[in-house]
Amino acid sequence: RVHYVLGDIRSFNDVKKALGKATIVIHLAVAKSDEPESYSVNVEGAKNVRRACSSKIRIINVSTGATFLSRKGPYGRTKALADKALAGPMTATLIPGLIYGPTNNGAFRALMTAAQLPIVPLFGNGDSLFQPIHVDDVVAALSSLATNSKAGTYHLPGPDTLDFHT
């Protein structure tokens, strides 16, 4: 069963209370790089989750490919630190490709909006590759990770590789 609990990831007491008798935690809390509380939400929040979880609680951490960039911005840096804080024998970290779905929020929405402009801004020289994945496939992967106990990092690209030239 899934329980939705409202709280502040930056508060250890809120996190501990939210866990209740949970055996699995899917960690999705995030602050993007343009948000002033990126460090406190992403890093301190992850530390609160790790501290509040007993050694028997399965943690599924949803991260980002931005953690692998050679030149990380605040988002990539804080998510990489969060990944390290959450690492452990019961933690699986999922790194999905660019997620899209019915609401098209986040980075995918920004790309779709940019595509409507008369001049489209490109990342680097435009040769950056993306492997978009549908939100339903991400949910299926999360469900699969919830039913096994394998720790580690799992990359989840979509089936197609795209660049800005295609």
Side-chain angles (χ1 to χ4, degrees), residues 1-10 14-35 37-38 41-50 52-69 75-76 78-115 123 128-163 166:
R1 290 177 40 203
V2 175
H3 296 277
Y4 175 81
V5 179
L6 184 62
D8 187 339
I9 193 81
R10 298 169 295 183
D14 282 3
V15 173
K16 187 71 174 164
K17 181 180 172 185
L19 286 179
K21 295 180 183 179
T23 56
I24 300 170
V25 172
I26 299 178
H27 177 58
L28 296 162
V30 64
K32 300 180 299 296
S33 62
D34 60 341
E35 296 173 347
E37 56 276 327
S38 288
V41 170
N42 297 344
V43 182
E44 297 302 327
K47 289 178 180 179
N48 284 338
V49 170
R50 164 52 63 212
C53 287
S54 74
S55 61
K56 296 179 182 178
I57 295 178
R58 171 80 162 151
I59 299 173
I60 301 169
N61 172 40
V62 179
S63 190
T64 172
T67 62
F68 294 97
L69 296 174
Y75 177 64
T78 59
K79 287 297 287 180
L81 290 169
D83 293 351
K84 286 180 185 176
L86 289 165
M90 292 292 287
T91 301
T93 294
L94 182 67
I95 301 176
L98 187 63
I99 301 171
Y100 69 94
T103 59
N104 287 335
N105 289 321
F108 192 81
R109 182 178 192 180
L111 289 173
M112 295 303 291
T113 301
F123 297 99
S128 297
L129 300 177
F130 298 90
Q131 293 178 286
I133 186 160
H134 194 273
V135 67
D136 290 346
D137 295 327
V138 176
V139 170
L142 290 170
S143 178
S144 176
L145 288 171
T147 60
N148 74 58
S149 59
K150 292 182 181 176
T153 300
Y154 299 88
H155 294 267
L156 185 64
D160 300 312
T161 302
L162 308 171
D163 63 28
T166 54

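Because only heavy atoms are used, hydrogens play no part in the values below, and waters and symmetry mates are left out as well, while side chains stay in.
Between Val5 and Ala18, the closest heavy-atom pair is CG1-CB, 3.7 Å. Considering every non-hydrogen atom in both Ser63 and Pro96, the closest pair reads O-CD, 3.7 Å. Of all the heavy atoms in Pro89 and Ala151, the pair that sits closest is O-CB, 3.4 Å. Closest approach of Tyr75 and Ala31 over heavy atoms only: CD1-O, 3.7 Å. The minimum heavy-atom distance between Gly101 and Val135, with the atom names listed, is CA-CG1, 4.1 Å.
With values rounded to the nearest 0.5 angstrom, Lys84 atom NZ is found 10.0 Å from Thr67 atom OG1. Here the OG1 atom belonging to Thr161 is positioned 11.5 Å from the CZ atom belonging to Phe130, to the nearest 0.5 angstrom. Taking OG1 of Thr153 as the reference point, atom CG of Asn61 lies at 8.5 Å (rounded to 0.5 Å). Taken to the nearest 0.5 Å, the CD1 atom of Ile95 stands 7.5 Å off from the OG1 atom of Thr64. Here the CG-CG distance, from Leu142 to Asp137, works out to 11.0 Å after rounding to the nearest 0.5 Å. Atom CG of Asp136 sits about 11.0 Å away from atom CD1 of Ile99, to the nearest 0.5 Å.
Between Ile9 and Val15 the shortest side-chain heavy-atom distance falls below 4.5 Å. The closest side-chain heavy-atom distance from Val62 to Val30 is not below 4.5 Å. The shortest side-chain heavy-atom distance between Thr93 and Leu86 does not fall under the 4.5 Å cut-off.
The side chain to side chain donor-acceptor pair (under 3.5 Å) test applied to Thr91 returns Arg50, not counting sequence neighbours.
Note: His134 and Tyr100 have perpendicular aromatic rings, judged against thresholds of 30 and 60 degrees for the angle between ring planes.
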Tabulate below the donor-acceptor pairs under 3.5 Å that side-chain atoms of residues 21-29 make, not counting sequence neighbours, or state none.
none

Using atom types as modelled, flag every donor-acceptor pair under 3.5 Å from a side chain in residues 53-60 to any protein atom, sequence neighbours excluded.
from: Ser54; atom 1: OG; to: Lys56; atom 2: N; distance (Å): 3.2
from: Arg58; atom 1: NE; to: Leu145; atom 2: O; distance (Å): 3.2
from: Arg58; atom 1: NE; to: Asn148; atom 2: O; distance (Å): 3.0
from: Arg58; atom 1: NH1; to: Met90; atom 2: O; distance (Å): 3.4
from: Arg58; atom 1: NH1; to: Lys150; atom 2: O; distance (Å): 2.9
from: Arg58; atom 1: NH2; to: Leu145; atom 2: O; distance (Å): 3.1
from: Arg58; atom 1: NH2; to: Asn148; atom 2: O; distance (Å): 3.4
from: Arg58; atom 1: NH2; to: Asn148; atom 2: OD1; distance (Å): 3.2
from: Arg58; atom 1: NH2; to: Lys150; atom 2: O; distance (Å): 2.9

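The backbone N or O of Arg10 lies less than 3.5 Å from a partner atom in the side chain of Asn48, making a donor-acceptor pair. Using modelled atom types, one side-chain atom of Asp14 and one backbone atom of Asp8 make a donor-acceptor pair closer than 3.5 Å.
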